[in-house]
Amino acid sequence: MMSNKIVLAAALLASTASVSAMADTTTYQMDPTHTSVVASWSHFGFSHPTATFSDVTGTIQFDEDDVANSSVEVTIPVKTVDTKVPALNEEFLGSEYFDVAQYPDATFKSTEIESVGNDRYDVHGDLTVKGVTKPVVLHATLNGVGEHPMAKVPALGFDAETTLQRSYFGLDQYVPNVSDDITIRLSSEAEAAKPSTAQ
């Protein structure tokens with residue numbers, strides 16, 4: 001009997017700890033109107049053009065006390081690419097580049113998040129572009145966590161950067177004159193859902 005009570009108590013403690021851990025993890029939705037994704041590259045060594053992507057969405061699970069419980073998923077509609085050069089936009093949308101008719105979105109899903117100190121995190125994950133998935137690491141800085149002054153809900157904001165080789169994703173046109181290395185910079189605000197007032 002005593003043994004059964006000990007087992008029951010242990011199970012209850014484990015259950016309580018699990019619920020507590022879940023309660024400490026907040027789910028945030030990235031705000032597309034306050035999210036930017038910018039890609040840049042070297043053009044023959046003379047300049048560093050950029051392309052932006054809009055309507056970016058994503059979900060962030062963040063546990064400030066135990067970052068191992070955190071995760072990130074991001075979807076980037078590649079069809080929104082904008083280089084400010086209409087002819088280049090059309091070229092990027094076509095089959096030789098992003099082939100958006102077949103692959104409209106790029107996605108990132110984290111596999112591990114580790115703190116490197118001073119509100120900085122290395123976000124390891126899988127990036128999928130044009131149907132090809134490769135591991136990348138986003139070097140992220142947490143800008144702030146707290147109540148959003150306008151929305152009055154929990155919010156967080158971050159910046160992140162990574163450099164990758166576009167040829168890994170079948171985007172190798174004009175390499176090496178136009179650099180294989182592409183730098184991606186992401187900045188975003190994300191908000192938690194408003195608490196339900198239903199009784």
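The model shown is predicted, which means the values in this text are computed figures rather than measured ones.
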Parallel, tilted or perpendicular, as decided by the 30° and 60° cut-offs, for the rings of F92 and F98: perpendicular
Shared hydrophobic cluster for V123 and V137 (ILVMFWY, side-chain gaps under 4.5 Å): no
Given 3.5 Å as the limit, does a donor-acceptor pair link the side chain of S40 with the main chain of T50, or not? no
V85-F44 co-clustered via ILVMFWY side chain contacts under 4.5 Å: yes
Are any non-hydrogen side-chain atoms of F158 and I60 less than 4.5 angstrom apart? yes
Can S187 and D159 be counted as having a side-chain donor-acceptor contact under 3.5 angstrom? yes
Tell me if a side-chain donor or acceptor on R166 pairs with a main-chain N or O of Q173 at a distance below 3.5 Å. yes
Should we say atom OH of Y174 is surrounded by more than 12 heavy atoms from elsewhere, each under 6.0 Å from it? no
For atom CD of E96, decide whether the heavy atoms of other residues, nucleotides or ligands shown that lie under 6.0 angstrom number more than 12. no
Does one side chain, of D126 or T133, offer a donor that lies under 3.5 Å from an acceptor on the other? no
Hey, does the side chain of D180 reach the backbone of V175 with a donor-acceptor pair shorter than 3.5 angstrom? no
Kindly determine whether L164 and L127 satisfy side-chain contact (heavy atoms from CB on, under 4.5 Å), including the steps that lead there. CA-CA 10 Å; L164 52 87; L127 177 66; 3.5 Å; yes
Student check: side-chain heavy atoms of D122 and H139 closer than 4.5 Å: yes
Report yes if the side chains of V56 and P32 come closer than 4.5 Å at any heavy-atom pair, otherwise no. no
Will you find, in the side chains of Q61 and S70, an N or O donor that is under 3.5 Å from an N or O acceptor? no
Are E189 and T35 close enough that a side-chain donor and a side-chain acceptor fall under 3.5 Å? no
Quick one: does K130's side chain have a donor or acceptor within less than 3.5 Å of a partner on Y103's backbone? no
Does V38 offer a backbone N or O that forms a donor-acceptor pair with the side chain of T52 under 3.5 Å? no
